[in-house]
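The sequence lines fix the lettering, A, B, ..., with proteins before strands; numbering per chain opens at 1.
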There are 2 protein chains.
Amino acid sequence: MAEHLKNKEKLVTVAIELFSTRGFKGTSIRDIANAMDMSISNIYHYFGNKEGLLLAVLEHASKGLVEKLGEIPQMDLDPLERFKLLIRTHIQLSEFYKKEIKIFFLDEEHLSPEGIKINNQTQTDILQIHLKALNDLKKAGYLQCKSATIAAFNILGIINWQLRWYRTDGSLTLEDVSREIVSFILHGILGSNPPGIESDS
Amino acid sequence: MAEHLKNKEKLVTVAIELFSTRGFKGTSIRDIANAMDMSISNIYHYFGNKEGLLLAVLEHASKGLVEKLGEIPQMDLDPLERFKLLIRTHIQLSEFYKKEIKIFFLDEEHLSPEGIKINNQTQTDILQIHLKALNDLKKAGYLQCKSATIAAFNILGIINWQLRWYRTDGSLTLEDVSREIVSFILHGILGSNPPGIESDS
DNA sequence: TTTTAAATCGAACGATCGATATGTAAATTT
DNA sequence: AAATTTACATATCGATCGTTCGATTTAAAA
């Protein structure tokens, strides 16, 4: 039962695969139809037009990451521990939703108003999650940055960039990278006890 | 004199403008020809095919940033000051070469082997510049990170991400952001004298 | 001045694109 | 079982794509 829904979902999955590797403009409806072993017109039956498919992809892509990430700030933990957990989870989820996230960053430009809306909402949601974590740190007296917003952007930059350079087949495990990134975000490059910085030189 | 070279250069400039806003696949040769008020075939006379134009764009784009950024590590300064200068300069240059950099990150996927080569070389060059600065910091006893490479990637992530979220018409000046980013990179979010971190809890 | 080369154009080519019209088989509802 | 909706296919349309083919004008060299 519900075999048809399966195909619709599979269509979104295949579209994510192709959009993420070839881009939106670089992937034709025919490419997707061939990869699905399905007729072109059937895709139009499901999603109306190519952009409808992209919107379905964007919505599907935003759900998983935002929902799972949104659970972290509600956990009853020490602010600092919760913050560390947020970073580690975000890195793990990014690896899991690699292709989906790529689409968000790949075809930002030629997007319909509705697509832009979904895109902005997703990015805002994620930013707010990190901002809340940072503000909790501030209340607890940890945060030393002037602007929590810039700090949040910096954190997102680090995490999203890791998505570009990290290779699973390399020498570093994702846990190694995750630990190092958490340490970087907490202490920067000078460490928590830098030499000759706080002295009177 | 040399009126023909002018047009060839202008062609690259217009291509950068269009590629950066609509993407490579999203920009047709006709779009560029129309924007230049020039015939289509003339573009082929200059660059052979569409990809030749993209290669010219990539080469033009990589030159400016890498060359100017490469001057910093050779300066005779205190390692820490030189590092700060590198970050600040990189941020300023990123704003200046915004469109060019966008192309490097936009159409990474559907790129020819030669295009990939240029892309990789450029990214490697920039990474090496930052790695050198970090190693100089290490020699001087400043750097506390385990992996200078990951730190370099994190720095690139922060800078390149700033390119996405910073708006010139916002309330923050680029200098404000630059200062805050330098501080973040140096001290992280906990600051140089974080409370209760080094204690025995 | 003649010759050569570079710059430019208009017109067209085959391929591919997104999209549609029209049909049929299968599933669901009544 | 009949009616209706959903899931698919074939064939095709007009538009646009990258590219090419001469032809022409302009600039440089001889």
Might you list the N or O atoms of the protein lying below 3.5 Å from N or O atoms in nucleotides 16-19 of chain D, with each pair's distance?
residue, atom, partner, partner atom, Å
D/dG18, OP1, B/K50, NZ, 2.5
D/dG18, OP2, B/I29, N, 3.0
D/dG18, N7, B/R30, NH1, 2.8
D/dG18, O6, B/R30, NH2, 2.8
D/dT19, OP2, B/Y44, OH, 3.2
D/dT19, OP2, B/K50, N, 2.8

Could you tell me if B/K25 sits above the aromatic ring of A/F24, with its cationic atom closer than 6.0 Å to the ring centre and no more than 45 degrees from the axis?
no

Option from A/D125, A/T124, A/N119 for which side chain to side chain donor-acceptor pair (under 3.5 Å) with A/Q121 holds:
A/D125

Any idea how B/F184 and A/F184 line up, ring-wise: parallel (<30°), tilted (30 to 60°), or perpendicular (>60°)?
tilted

Any side-chain donor near an acceptor of the partner, A/S39 and A/N42, under 3.5 Å
no

Does A/N7 have a side-chain nitrogen or oxygen under 4.0 Å from the phosphate oxygens OP1 or OP2 of D/dC8?
yes

Across all chains, not counting sequence neighbours, the side-chain contact (heavy atoms from CB on, under 4.5 Å) partners of B/E59 are B/I118

Here the distance between atom P of D/dA27 and atom NZ of B/K6, to the nearest Å, is 14 Å

Separation of C/dA21 atom C1' from A/I43 atom CD1, nearest Å, is 18 Å

Cation-aromatic face contact B/K99/B/F19, 6.0 Å, 45 degrees
no

With distance as the sole criterion, is a donor-acceptor pair present between the side chains of B/S28 and B/D31 under 3.5 Å?
yes

Just the atom pairs and distances: protein N or O near nucleotides 23-25 of chain C's N or O, under 3.5 Å.
none

For B/N42 and C/dA11, give me the distance from atom CG to atom P, rounded to whole Å.
16 Å

For atom CE of B/M38 and atom C1' of C/dC9, their distance in whole Å
11 Å

Parallel under 30°, tilted from 30 to 60°, perpendicular over 60°: which one fits the rings of B/F153 and A/W165?
parallel

Counting only side-chain nitrogens and oxygens, does A/H45 get under 4.0 Å of the OP1 or OP2 atom of D/dA7?
yes

A/E9 CD to D/dA7 P: how many Å, rounded?
13 Å

Ignoring backbone atoms, test whether A/Y46 places a side-chain nitrogen or oxygen under 4.0 Å from the OP1 or OP2 oxygen of D/dT6.
no

Are B/E81 and B/K84 ion-paired here, with the side-chain N under 4.0 Å from a carboxylate O?
yes

